Amino acid sequence: MNEEEHIMDGKETNSWKKTACIICSLNCGLDIKTEDGRITKIKGDKSNPISQGYMCEKSQRMDFYQNGADRIDSPKRRRPDGSYENIDWETAIREIAEKFTAIKKKYGGESILYYGGGSQGNHLGGTYADSTIKALGIQYRSNALAQEKTGEGWVQGKMTGAPVHGDFEHCEVAVFLGKNPWQSHGFARTRVILREIQNDPKRAMIVIDPRRTETAEMADYHLAVKPGTDAWCLTALSAILVQEHLVASAWLAEHTTGYDVVEAAMKKIDIPHYAAVCGVDETLLRSAARRIASAKSVSMIEDLGVQMNLHSTLNSYLNRLVWLLTGNYAKAGANNAFVPLLNLSNSSRSASKKSSSGKPAAPRKWTHSPVTNSKVIMGLIPCNVIPDEILTQNPKRFRAMFIESANPVHSLADSQRMRQSLRALECSVVIDVAMTETARQADYVLPASSQFEKAEATFFNLEFPRNGFQLRHPHLSLRPGTLPEAEIHARLLEAMGELDESNYRFLRSAARGGLTTYGLAFAWKSTRDKKVARYAPVVLYRTLGPSLPVNLAPAASLWGISQLYVRAQPAAAKGAGFGGPKLLGGNRLFDAILNSPSGVIFGVSQYSDSWDAVKLPDHKINLNIKEMLDELATIDGKLPPHRPEYPFILSAGERRPDTSNTSIRNPEWMKKGGFGTLRIHPKDAEALGCSEGDWIQLRTQRGAAQAPIELTDELQPGHVSLPNGHGLDYHQADGSLDRRGVSLNELTNTEDRDPFAGTPWHKYVPVHLERLTPA
Ligand SMILES: Nc1nc2c(c(=O)[nH]1)N[C@H]1C(S)=C(S)[C@@H](COP(=O)(O)OP(=O)(O)OC[C@H]3O[C@@H](n4cnc5c(=O)[nH]c(N)nc54)[C@H](O)[C@@H]3O)O[C@H]1N2
Ligand SMILES: Nc1nc2c(c(=O)[nH]1)N[C@H]1C(S)=C(S)[C@@H](COP(=O)(O)OP(=O)(O)OC[C@H]3O[C@@H](n4cnc5c(=O)[nH]c(N)nc54)[C@H](O)[C@@H]3O)O[C@H]1N2
Ligand code: SF4
Ligand SMILES: [Mo]
């Protein structure tokens with residue numbers, strides 16, 4: 001693809017073009033206009049089948065991402081003094097291929113950690129990374145999901161084996177646990193639906209959050225727990241359901257196993273005591289539990305307030321008990337097993353079972369990390385153990401890291417140790433659009449084309465019963481010097497000698513005959529050429545890619561994904577019109593994806609399909625997880641720790657209108673209001689001798705920072721909060737550094753983590769506060 005083709009394709013015309021917002025997992029459909037390489041106008045795309053024109057104010061910031069001053073346009077190699085020199089692509093690819101191949105030979109592929117693979121807006125690159133992972137024999141992976149969703153994933157595996165999503169549009173009662181959807185979103189058309197629930201007297205909203213959030217403000221029941229005490233609150237809710245005989249007994253008998261064990265545990269719970277520990281009035285707890293039990297349907301969603309907190313895996317279990325004890329699964333308005341186009345957790349599972357060092361090895365399941373022996377969940381090692389897996393003399397330590405579309409130095413606990421870890425490796429590579437905090441520690445940095453310059457998509461497709469997917473077309477020319485990830489991975493495999501023309505030629509000519517010919521040719525070739533099957537994504541890119549409409553080559557892996565989907569999910573595919581003979585159904589779906597710039601409905605399910613999705617014997621849900629009930633039995637004696645030297649609890653990472661993880665780096669996008677304030681209760685401020693806007697010094701066990709304060713009685717006394725994603729080292733075009741706000745993970749500790757899943761306790765960081773400016 002070249003510049004000329006772009007112009008001929010009419011990309012830079014003044015018309016509205018379909019794309020999506022890249023800031024959060026909703027990826028709301030957008031119509032944009034572009035001019036001279038800039039995104040100049042943005043509105044909601046009414047024809048997007050999922051977002052239907054909905055968007056929030058953050059969508060207006062796309063050009064801050066597209067034209068960030070610290071975007072990179074050349075591969076870079078680190079010099080011994082820590083500065084970077086530009087090198088050409090050929091040198092970069094050759095050196096990276098050589099170094100990683102040598103590391104694989106010397107220590108085995110299990111010594112290389114792959115991190116990332118896509119963030120809130122871009123998952124296509126990760127489909128090609130799969131080929132590099134296989135070529136290098138990489139066994140261990142991690143990404144942001146392993147610092148929030150793995151506890152939930154583990155519990156889910158034990159209870160149903162299927163990921164679920166609430167049907168907030170139709171539920172009678174919505175429960176938000178440690179989740180502030182007004183700001184953070186999390187289900188389609190969030191604010192519209194929140195308003196509908198708020199305005200309908202027959203429906204109710206329950207919010208469990210220590211803070212009176214925008215969502216809590218709208219709620220009928222706000223259970224303002226003390227920070228870190230959700231396990232007591234959720235246990236009390238289940239205990240009330242059991243002790244007041246509010247459980248769905250017939251439903252439980254028909255659809256679940258293990259209720260007797262749960263019932264026995266909940267009968268023992270001293271409800272007034274648990275209410276006192278979590279600080280919620282017992283009467284309010286009881287009325288919330290009764291409201292849940294009396295509702296025709298309940299949808300419940302949990303997020304970082306509990307997933308990055310004490311007892312996080314236990315909380316995920318207790319959350320599920322609340323809606324399962326009341327029968328809220330597999331029906332309209334309740335939680336259902338959505339049908340994904342590509343399962344994000346399965347896709348991150350490593351495939352090869354043998355040692356890649358060339359020596360014969362006993363088949364091994366890569367179920368635990370090599371050094372700390374931490375559980376691999378959803379195919380991922382916990383983010384919090386990464387430094388311990390590197391900064392050690394253990395011979396099994398990681399020797400190299402491949403990082404793609406992620407900023408772990410900034411986003412993972414203990415930035416200082418993450419920096420040390422990267423520098424301790426024998427080789428590290430970062431693929432990113434910008435010169436991030438992580439890129440600044442890597443041996444090689446490869447510049448990716450932006451999400452508006454290449455075909456892109458995400459697999460955050462969580463809707464039920466109608467599920468949709470959008471392939472976004474590129475609308476701006478590739479920035480010179482950058483490449484789409486598909487091309488980067490293809491070049492890496494070729495440089496490693498894994499693929500060449502002999503693997504491609506036949507398939508490339510078959511592709512000219514159309515998808516049916518191609519499909520038959522692919523089936524034939526992949527049985528004769530093992531590499532075609534092994535490296536299918538890159539092979540698709542190199543062979544089918546050139547036959548796709550201009551600039552859509554990086555969408556080629558979606559052909560394979562469409563084929564796998566129609567085979568794995570024939571009922572949902574048929575429901576959406578992609579049934580029939582497998583190859584043809586897959587081809588029709590792929591065609592529809594290519595030709596539906598606003599997105600396509602790829603699956604239509606029945607509520608009863610949620611039962612088929614339950615992977616346990618007889619499709620029955622298991623309620624009895626021994627590890628969780630054992631932990632539950634101990635929490636009484638383990639009240640959240642209080643350390644007198646660090647008397648406040650910091651929520652390190654609140655979602656606000658001015659946060660977007662780190663996808664948007666230029667702090668200029670936040671023009672109004674106090675940027676990066678530490679929110680604090682007026683009484684606490686007074687005790688510290690501070691008033692609005694004063695600067696405060698924060699000190700944790702791990703580090704220190706400074707921030708201006710913002711007084712609010714939305715927080716409880718003793719609880720303070722800082723926004724996520726701030727404190728970036730943003731370099732302006734003239735090279736000057738613009739650093740605003742607190743880089744939170746300079747304050748956090750990797751050891752503060754959940755004992756099961758290793759997820760961090762970022763919402764519970766003990767902190768010391770002191771007024772900075774003298775009174
Ligand atoms: N604006 C914006 N939206 C985003 C993002 C962004 O960066 N900016 N990021 C996206 C991403 S990656 C994610 S994962 C989601 C996260 O979305 P959320 O989890 O909803 O976001 P947070 O604000 O981090 O945390 C939610 C709530 O947890 C509460 N909380 C703190 N301590 C406790 C506690 O002890 N118990 C309970 N029950 N609650 C507690 C906080 O008060 C807060 O209201 O947001 C997504 N949406
Ligand atoms: N203390 C604390 N830490 C937190 C949180 C918190 O609340 N508190 N929140 C956590 C959560 S929930 C999450 S999800 C993580 C997010 O943290 P990460 O997973 O590290 O994700 P992002 O910060 O969004 O970084 C994404 C990177 O992708 C790059 N990028 C954008 N487009 C492209 C592209 O097309 N190609 C490539 N190759 N790169 C691209 C961006 O420049 C950016 O560097 O942060 C976590 N960290
Ligand atoms: S930030 Fe999230 S909710 Fe807002 S427009 Fe973007 S994708 Fe939609
Ligand atoms: Mo996240």
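Numbers for residues simply follow the sequence, beginning at 1. Counting starts at 1 for both ligands and their atoms, following the listed order. Keep in mind that what you see is a predicted model, and the values were worked out from it rather than measured. Values below: every heavy atom of this structure, side chains too, minus hydrogens, waters and symmetry copies.
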Just jot down the ligand 1 atoms closer than 4.0 angstrom to any heavy atom of [X], in number order.
{"X": "D230", "answer": "34 (C), 35 (O), 36 (N), 37 (C), 38 (N)"}
{"X": "R211", "answer": "42 (O), 43 (C), 44 (O)"}
{"X": "E654", "answer": "23 (O)"}
{"X": "Q183", "answer": "1 (N), 3 (N)"}
{"X": "T213", "answer": "44 (O)"}
{"X": "N180", "answer": "20 (O), 26 (C), 44 (O)"}
{"X": "P227", "answer": "35 (O)"}
{"X": "N661", "answer": "6 (C), 7 (O), 9 (N), 12 (S)"}

Run the contact test for [X] against ligand 2 with a 4.0 Å cut-off on heavy atoms, strictly below, and give the result.
{"X": "G116", "value": "no"}
{"X": "R665", "value": "no"}
{"X": "G125", "value": "no"}

Check: N745 N/O within less than 3.5 Å of ligand 2 N/O: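 Yes, there is a polar N/O contact under 3.5 Å.
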
N or O contact, D432 vs ligand 2, cut-off under 3.5 Å: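 The answer is yes, given that D432 and ligand 2 share an N or O pair closer than 3.5 Å.
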
Looking only at protein heavy atoms, which one is nearest to [atom], and what is the separation?
{"atom": "atom 4 (Fe) of ligand 3", "answer": "C56 SG, 2.4 Å"}
{"atom": "atom 31 (C) of ligand 1", "answer": "S651 OG, 3.3 Å"}
{"atom": "atom 29 (C) of ligand 1", "answer": "D209 OD2, 3.2 Å"}
{"atom": "atom 26 (C) of ligand 1", "answer": "G178 O, 3.4 Å"}
{"atom": "atom 14 (S) of ligand 1", "answer": "E148 OE1, 2.9 Å"}
{"atom": "atom 18 (P) of ligand 2", "answer": "S411 OG, 3.6 Å"}
{"atom": "atom 39 (N) of ligand 1", "answer": "P210 CD, 3.2 Å"}
{"atom": "atom 19 (O) of ligand 1", "answer": "L304 N, 3.0 Å"}
{"atom": "atom 8 (Fe) of ligand 3", "answer": "C28 SG, 2.3 Å"}
{"atom": "atom 28 (O) of ligand 1", "answer": "G305 CA, 3.1 Å"}

Test log, rule side-chain hydrogen bond (donor to acceptor under 3.5 Å, both in side chains), inputs S651 and S721: CA-CA 5 Å; S651 261; S721 173; 5.0 Å; no

Whether C21 has an N, O or S atom under 2.8 Å from atom 6 (Fe) of ligand 3: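 Within the cut-off used here (under 2.8 Å), C21 does place an N, O or S atom near atom 6 (Fe) of ligand 3.
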
Should [X] be listed as contacting ligand 1, given a heavy-atom distance under 4.0 Å as the test?
{"X": "Q120", "value": "yes"}
{"X": "M308", "value": "no"}
{"X": "G725", "value": "no"}
{"X": "H185", "value": "no"}

Nearest option to [atom], as decided by whichever heavy atom of [options] sits closest:
{"atom": "atom 25 (O) of ligand 1", "options": "R655, K179, K763", "value": "K763"}
{"atom": "atom 10 (C) of ligand 2", "options": "Q147, Q66, H123", "value": "Q147"}
{"atom": "atom 16 (C) of ligand 1", "options": "V225, D303, I23", "value": "D303"}
{"atom": "atom 30 (N) of ligand 2", "options": "S415, S184, C383, S405", "value": "S405"}

Ligand 2-proximal atoms of [X], by part, heavy-atom distance under 4.0 Å:
{"X": "E485", "result": "side chain"}
{"X": "N122", "result": "side chain"}
{"X": "I431", "result": "both"}
{"X": "L744", "result": "side chain"}

For ligand 3, the portion of T190 having any non-hydrogen atom under 4.0 Å away: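 Neither part.
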
Heavy-atom side-chain proximity of V767 to L747 below 4.5 angstrom: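 No, every pair of side-chain atoms sits at 4.5 Å or beyond.
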
Beyond-backbone contact of F176 with F168, side-chain heavy atoms, under 4.5 angstrom: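 F176 reaches F168 side chain to side chain.
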
Can you confirm, on distance only, whether ligand 1 has an N/O atom lying under 3.5 Å from any N/O atom belonging to [X]?
{"X": "T659", "result": "yes"}
{"X": "G228", "result": "yes"}
{"X": "N309", "result": "yes"}
{"X": "G653", "result": "yes"}
{"X": "I208", "result": "yes"}

Carboxylate-amine/guanidinium contact R191 E57, below 4.0 Å: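 Between E57 and R191 there is a salt bridge, with a charged N closer than 4.0 Å to a carboxylate O.
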
Presence of salt bridge, R212 and E217, under 4.0 angstrom: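 Salt bridge between E217 and R212, a charged N being under 4.0 Å from a carboxylate O: yes.
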
Taking only heavy atoms of [X], which atoms of ligand 3 are found under 4.0 Å from at least one of them?
{"X": "N27", "value": "7 (S)"}
{"X": "S59", "value": "5 (S)"}
{"X": "H185", "value": "3 (S)"}
{"X": "I23", "value": "1 (S)"}

Reported CG-to-CD1 distance for the pair L422 and I386, which is rounded to 0.5 angstrom: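 With rounding to 0.5 Å, CG (L422) is 9.5 Å from CD1 (I386).
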
Pairwise distance CD(Q66) to NE2(H475) - rounded to 0.5 angstrom: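 NE2 of H475 is found 11.5 Å from CD of Q66.
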
Donor-acceptor pair, side chain of N122 and main chain of S119, under 3.5 angstrom: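 Yes.
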
C24 backbone or side-chain N/O/S under 2.8 Å from atom 2 (Fe) of ligand 3: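 Yes.
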
Which ligand 2 atoms are under 4.0 Å away from a heavy-atom of [X]?
{"X": "K454", "value": "34 (C), 35 (O), 36 (N)"}
{"X": "S119", "value": "24 (O), 26 (C), 28 (O)"}
{"X": "S449", "value": "35 (O)"}

T482 and K454: side chain donor to acceptor below 3.5 Å: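 Short answer, no.
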
Trace of the side-chain hydrogen bond (donor to acceptor under 3.5 Å, both in side chains) decision for E214 with N180: CA-CA 7 Å; E214 294 87 341; N180 179 18; 3.0 Å; yes

